[in-house]
Amino acid sequence: MQRSGIALVICAPSGTGKTTLTKRLIAEFPRFAFSISCTTRAPRSGEVDGRDYNFISPEEFKQRRDAGFFAEWAEVHGNYYGTPLEATRVLLAQGRDVLFDIDVQGASQLRRTIPGARLIYILPPSRAELESRLRGRNTETEESVARRLQAAHIELMQARWFNVWIVNDNLDQAWEHLRAAYLAATLSPDCQTDLLDELLKEWSVGAK
Ligand code: 5GP
């Protein structure tokens with residue numbers, strides 16, 4: 001039985017382990033396609049146009065945005081980011097599951113433009129633990145740790161309207177919870193629209 005694709009949005013404050021968890025999801029379930037966003041920021045070393053992002057100019061971005069090209073868009077750290085609507089719809093119609101790594105402003109728009117999108121929020125176990133993980137990266141200055149903790153406070157206040165909360169206290173347990181949340185989504189009737197009709201048909205055939 002062919003089921004429809006699931007749009008899975010995963011948000012988390014910086015330092016919560018989102019990247020590790022999403023990589024694991026894609027590695028275990030090849031049915032996932034990663035949504036490739038458009039951005040106006042410059043490519044970082046190692047990033048490939050069309051694979052990591054579609055890198056476009058601010059003028060091009062605004063033109064596309066005004067033409068309704070994006071399912072959602074946001075300005076993050078002074079750059080624009082947006083998710084192409086049509087490409088997403090095509091993947092979902094093909095039965096692919098689509099994973100979105102977008103910020104909370106984008107997630108709130110996607111709830112409306114992609115009805116049925118599942119919104120998962122990864123929470124840190126505590127403020128102290130998040131602070132210690134940010135420091136442990138050794139890439140953050142004191143100022144950037146303080147900035148990220150402040151940003152986390154604002155982002156956590158948006159977690160209320162998500163469908164699933166996962167606390168990343170222990171990575172293996174957070175992974176089990178993410179996997180369970182995804183598998184539960186695949187069992188929803190919205191995702192298996194023809195299943196019951198096909199089953200019930202057997203009764204109408206049997207009744208003849
Ligand atoms: P980076 O520039 O480090 O790749 O991403 C910066 C932030 O932009 C991350 O929080 C990421 O989740 C967010 N982001 C990436 N693509 C999109 C997008 O298409 N839409 C929105 N709203 N945010 C995005």
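Indexing begins at 1, ligand by ligand and atom by atom, following the structure's order.
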Is atom 21 (C) of ligand 1 less than 4.0 angstrom from at least one protein heavy atom?
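Yes; the ligand atom in question has protein heavy-atom contact below 4.0 Å.
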Under a 4.5 Å side-chain heavy-atom rule over Ile, Leu, Val, Met, Phe, Trp and Tyr, are I114 and F70 clustered together?
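Cluster IDs for I114 and F70 differ.
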Residue pair [X] / [Y], side-chain heavy-atom distance below 4.5 Å:
| X | Y | result |
| --- | --- | --- |
| E140 | S14 | no |
| R127 | E131 | yes |
| F34 | D101 | yes |

Geometric N/O contact E47 with ligand 1, under 3.5 angstrom:
no
Between ligand 1 and W73, is the shortest N or O to N or O distance under 3.5 Å?
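Between W73 and ligand 1 (N or O atoms, distance only) the closest approach is not under 3.5 Å.
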Proximity to ligand 1 by part of [X], non-hydrogen separation under 4.0 Å:
| X | value |
| --- | --- |
| F100 | neither |
| Q105 | neither |
| D101 | both |

Could you tell me, atom by atom, which parts of ligand 1 come under 4.0 Å of a heavy atom of [X]?
| X | result |
| --- | --- |
| G106 | 22 (N) |
| R41 | 1 (P), 2 (O), 4 (O) |
| G82 | 18 (C), 19 (O) |
| T83 | 19 (O) |
| A74 | 22 (N) |

Donor-acceptor pair, distance only, cut-off 3.5 Å: does the side chain of [X] make one with the backbone of [Y]?
| X | Y | result |
| --- | --- | --- |
| W73 | Y80 | no |
| S188 | D190 | yes |
| R148 | P13 | no |

Would you mind checking which non-hydrogen protein atom is closest to [atom], with the distance to 0.1 Å?
| atom | value |
| --- | --- |
| atom 7 (C) of ligand 1 | V76 CG1, 3.7 Å |
| atom 16 (N) of ligand 1 | S37 OG, 3.3 Å |
| atom 5 (O) of ligand 1 | Y53 OH, 3.4 Å |
| atom 6 (C) of ligand 1 | Y81 OH, 3.7 Å |

Counting only heavy atoms not in R96 (residues, nucleotides, ligands), do more than 12 fall under 6.0 Å from its CZ?
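Yes, because the 6.0 Å sphere around CZ of R96 holds more than 12 heavy atoms from other groups.
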Looking at E142 and R135, does any basic side-chain N land under 4.0 Å from a carboxylate oxygen?
yes
Charged N-O contact under 4.0 Å between R3 and D97
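So R3 pairs with D97 through a salt bridge.
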Give the single entry among D103, D52, T39 that approaches atom 10 (O) of ligand 1 most closely by any heavy atom.
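Answer by nearest heavy atom: D103.
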Option set E75, H77, R44, E72, criterion heavy-atom distance to atom 3 (O) of ligand 1, minimum:
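Of the listed residues, R44 has the closest heavy atom.
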Qualifying residue for side chain to side chain contact (heavy atoms under 4.5 Å, CB included) with R51, from N54, V48, D49
V48
